[in-house]
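These notes concern the structure reproduced below.
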Amino acid sequence: DQQVKQNSPSLSVQEGRISILNCDYTNSMFDYFLWYKKYPAEGPTFLISISSIKDKNEDGRFTVFLNKSAKHLSLHIVPSQPGDSAVYFCAASYGASQGNLIFGKGTKLSVKP
Amino acid sequence: ETGVTQSPTHLIKTRGQQVTLRCSSQSGHNTVSWYQQALGQGPQFIFQYYREEENGRGNFPPRFSGLQFPNYSSELNVNALELDDSALYLCASSPAPPVGTEAFFGQGTRLTVV
């Protein structure tokens with residue numbers, strides 16, 4: 001049973017536009033959420049995170065929104081750039097897990113020039 | 001500050017054999033976690049080591065085992081390899097405490113079992 005779900009396997013966006021990547025979770029014990037970006041032949045790279053006590057966290061072009069009642073989070077990239085083309089993983093953890101991350105299957109983002 | 005490094009980068013083994021994968025954690029990090037990423041899937045947690053002790057384990061059989069050394073580097077050992085063990089194995093290190101902190105990943109070891 002998947003606790004973290006990314007229901008869109010792929011997303012294509014025009015350069016300069018907004019990219020919105022979505023993630024749903026089922027475990028209400030999760031208290032920390034992270035987004036990772038992965039290029040081919042590389043390990044995942046940490047992008048941005050959010051604690052469950054917040055509903056928004058912003059870092060440059062990247063913003064993560066958390067809706068606890070809906071058990072949903074989203075990553076907004078504005079403006080999108082061709083270099084953002086990668087697979088994006090949503091991950092979650094909770095205190096008892098000692099920080100172990102539970103990942104979604106990922107969404108492949110393609111930003112077209 | 002050095003990042004997380006894994007060796008080897010690629011490996012081909014025969015079913016039934018044993019394999020050891022290695023990971024050097026980022027400087028200052030005392031927690032190492034191992035993940036298995038099958039094709040088309042997200043990384044799946046195998047286990048974590050904190051100050052040389054196993055500190056949590058995912059849903060993997062006992063033939064997956066590990067070690068952490070005093071310098072916080074780590075090994076993942078897999079015995080009696082099966083075809084389904086073919087995957088990208090990722091090592092991640094975290095600063096103490098491990099809870100609620102970002103994990104920094106290595107580039108992974110691609111294991112193919114034939």
Side-chain angles (χ1 to χ4, degrees), chain A residues 1-10 21-25 27 29-54 57 59 62 64 66 86-108, chain B residues 3-10 21 23-26 29-51 53-60 66 68 87-110:
Chain A
D1 181 34
Q2 268 207 297
Q3 299 186 67
V4 177
K5 300 177 185 178
Q6 294 177 258
N7 292 320
S8 298
S10 63
L21 295 99
N22 294 304
C23 178
D24 297 296
Y25 63 96
N27 190 339
M29 298 294 289
F30 288 144
D31 57 11
Y32 201 70
F33 302 89
L34 308 90
W35 284 93
Y36 282 84
K37 178 169 74 172
K38 187 179 184 302
Y39 294 117
E42 294 184 12
T45 303
F46 169 74
L47 199 55
I48 192 169
S49 62
I50 188 167
S51 164
S52 61
I53 62 172
K54 295 186 175 182
N57 188 27
D59 184 2
F62 303 91
V64 56
L66 175 63
V87 177
Y88 288 78
F89 290 100
C90 171
S93 71
Y94 58 100
S97 75
Q98 295 294 308
N100 303 329
L101 300 175
I102 299 167
F103 284 85
K105 289 187 177 183
T107 296
K108 184 175 183 179
Chain B
V4 179
T5 57
Q6 294 185 242
S7 62
T9 54
H10 295 85
L21 310 182
C23 171
S24 295
S25 60
Q26 185 157 319
H29 290 187
N30 60 16
T31 302
V32 173
S33 303
W34 286 91
Y35 291 82
Q36 180 195 67
Q37 186 182 8
L39 202 60
Q41 303 294 315
Q44 192 170 358
F45 174 68
I46 303 174
F47 46 56
Q48 180 184 85
Y49 279 83
Y50 174 54
R51 293 184 174 178
E53 299 275 338
E54 188 177 289
N55 187 46
R57 188 179 183 92
N59 190 26
F60 280 81
Q68 187 179 31
L88 179 68
Y89 288 84
L90 295 162
C91 166
S93 73
S94 309
V99 175
T101 56
E102 302 86 19
F104 294 83
F105 284 84
Q107 84 282 8
T109 294
R110 173 72 62 186

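Just so you know, these numbers use all the heavy atoms, side chains as well, and skip hydrogens, waters and symmetry mates. Quick note on labels: first sequence line is chain A, next is B, and so on, each numbered from 1.
Side chains of B/Arg57 and A/Asn100 form no contact here, defined as non-hydrogen atoms less than 4.5 Å apart.
B/Thr109 is linked by a side-chain contact (heavy atoms from CB on, under 4.5 Å) to B/Gln6, B/Pro8, B/Leu21, counting only residues two or more places apart in sequence or in another chain. Legend: residues meeting side-chain contact (heavy atoms from CB on, under 4.5 Å) with A/Tyr39, ordered by chain and number and at least two apart, are A/Lys37, A/Glu42, A/Ala86.
Taking the centre of each ring, B/Phe45 and A/Phe103 stay at or above the 6.0 Å mark. You'll find the ring centres of B/Phe105 and A/Tyr36 inside the 6.0 Å limit.
Looking at every heavy atom in both residues, A/Phe89 comes nearest to B/Gln37 through CZ-NE2, 3.3 Å. When all heavy atoms of B/Ala103 and A/Leu101 are compared, the closest pair comes out as CB-CD1, 4.0 Å.
In this structure, chain B has no heavy atom under 4.5 Å from any part of A/Lys108.
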